[in-house]
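Order of appearance sets the numbers: ligands from 1, and atoms from 1 within every ligand. Quick note: residue numbers are just sequence positions, from 1. The basis for the numbers below is simple: all heavy atoms, side chains too, and nothing from hydrogens, waters or symmetry mates.
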Amino acid sequence: MALIVQKFGGSSVADADKIRNVARIITETYRRGHSVLAVLSAQGDTTDDLIEKSREINRNPSRREMDMLLSTGEQISIALCAMAIERMGYQAISLTGWQAGMLTDSSYSSARIKRIRTERIRKELDKKKIVLVAGFQGINKYDDITTLGRGGSDTSAVALAAALQADLCQIYTDVDGVYTADPRTVQGARKLEEITFDEMLELASLGAQVLHNRSVEMAKRYNVNLEVLSSFTGNPGTKVKEVVKTMEKMHVSGVAKDKNIARLALVGLEDRPGIAFKIFSLLGKRNVNVDLILQSIGRNGSKDISFTVALPDAQLAKEVMEENREAIGFQSVELNENVAKVSIVGAGLAHNAGVASKMFEALYNAGININMISTSEIKVSVLVDERDAERAVQAIHDRFFSEFGNG
Ligand code: ASP
Ligand code: MG
């Protein structure tokens, strides 16, 4: 008998039939003799619809009230699912974030979980009840409702699995697992049987959109036994773990794209020490995260630096640069929002010299220009024009995952 945490995303609970389907998955697990705690997201587009509703009233509401509003979506799901389970003849109880003891810090709309008081959950599980917890929400020290940021229900589930030392945390979604690329847009994308936490982290933060990256960080930290699978097909999913069996063979495990970025270029900087320090500390002070950085070779005492930031930070980053034009000393700053980052990720990359050149070759053959390159132990990223992004992913994917195999 195990304790299993199951998380169901918005598409898995979108309507009454889907809620009944989820109730069936949960009760089947329960009938096999396991304790089950399920974490649910808001139904379908509910969260987006709630955001829309708030806009009709106030385009700049306080984040506290926003959290109050958005947390209602998940409550609808857990109550409805509890009713579906009751109807099937099992005992279920739904709990909001605060009832479940999810204590967070006070950053409304992007709260972090600090601790989980598990007494209530344990008590209900001991009574042999199926426990349904509202994802994405918690409570702060002022007894206010907080939310964890978009996609945060994955993190709720993993945090609960860690706190309860669950035997397994299953993330149910509308795809069969983690793929070598987005199966909705890339031909020939294949499901991975397993993937490492580190690879998954890269893929999640690169915009693969399967798992919230904070959930993967947490799963890695607490070594949670994680699995991603579909609530619709019943197929085996993808296991996410520390080390995988196939690691030796697989050089590249996935190709991802991220269009949610922009590039800033500072032209005509003085070529002297301290310039990069000045630029990136100014950005750091305003909480702008920088990703790829490229600095040109100095020529005649002058050089250029370009870097990428997340799209929502782009205007701010540009303003910060313009405000400090004198202090930094540059001729012009250019912002390009029509760029995309395309990356290959693989735990075996570091030890396989030819992999990056294979990626560049694929882009060359597709006639796609590379604007920036960055590499790390487990990934190679390139910046391309946004309009080339899909073609770039497909070309790279074909190169690594065609029938001739990976590597
Ligand atoms: N309902 C929230 C969202 O749409 C949280 C989640 O689904 O994970 O972002
Ligand atoms: Mg999600």
Under a 4.0 angstrom heavy-atom cut-off, which atoms of ligand 1 come close to Ser153? 5 (C), 6 (C), 7 (O), 8 (O)
Ion pair present between Asp17 and Arg20, side-chain N to carboxylate O less than 4.0 angstrom? yes
Is Glu74 close enough to touch ligand 1? Criterion: a residue heavy atom under 4.0 Å from a ligand atom. yes
Is it true that Gly152 lies under 4.0 Å from ligand 1, counting heavy atoms only? yes
Neighbour count above 12 (heavy atom, 6.0 Å) for Lys141 NZ: no
Pull out every atom of ligand 1 sitting under 4.0 Å from any heavy atom of Ser41, numbered as shown with elements. 6 (C), 7 (O), 8 (O)
If the condition is side-chain hydrogen bond (donor to acceptor under 3.5 Å, both in side chains), which residues does Asp48 pass it with, not counting sequence neighbours? Arg150
Glu390 bridged to Lys259 by N-O distance under 4.0 Å: yes
Please identify which atoms of ligand 1 are closer than 4.0 Å to at least one heavy atom of Arg150. 3 (C), 4 (O), 9 (O)
Any nitrogen or oxygen of Phe136, side chain or backbone, less than 3.5 Å from one on ligand 1? no
State which residue, out of Ser12, Ser153, Ser156, fulfils the side chain to side chain contact (heavy atoms under 4.5 Å, CB included) condition with Ser41. Ser153
Sidechain N-carboxylate O distance under 4.0 Å for Glu119, Lys123: no
Check contact between Gly73 and ligand 1, using heavy atoms of the residue and a distance below 4.0 angstrom. no
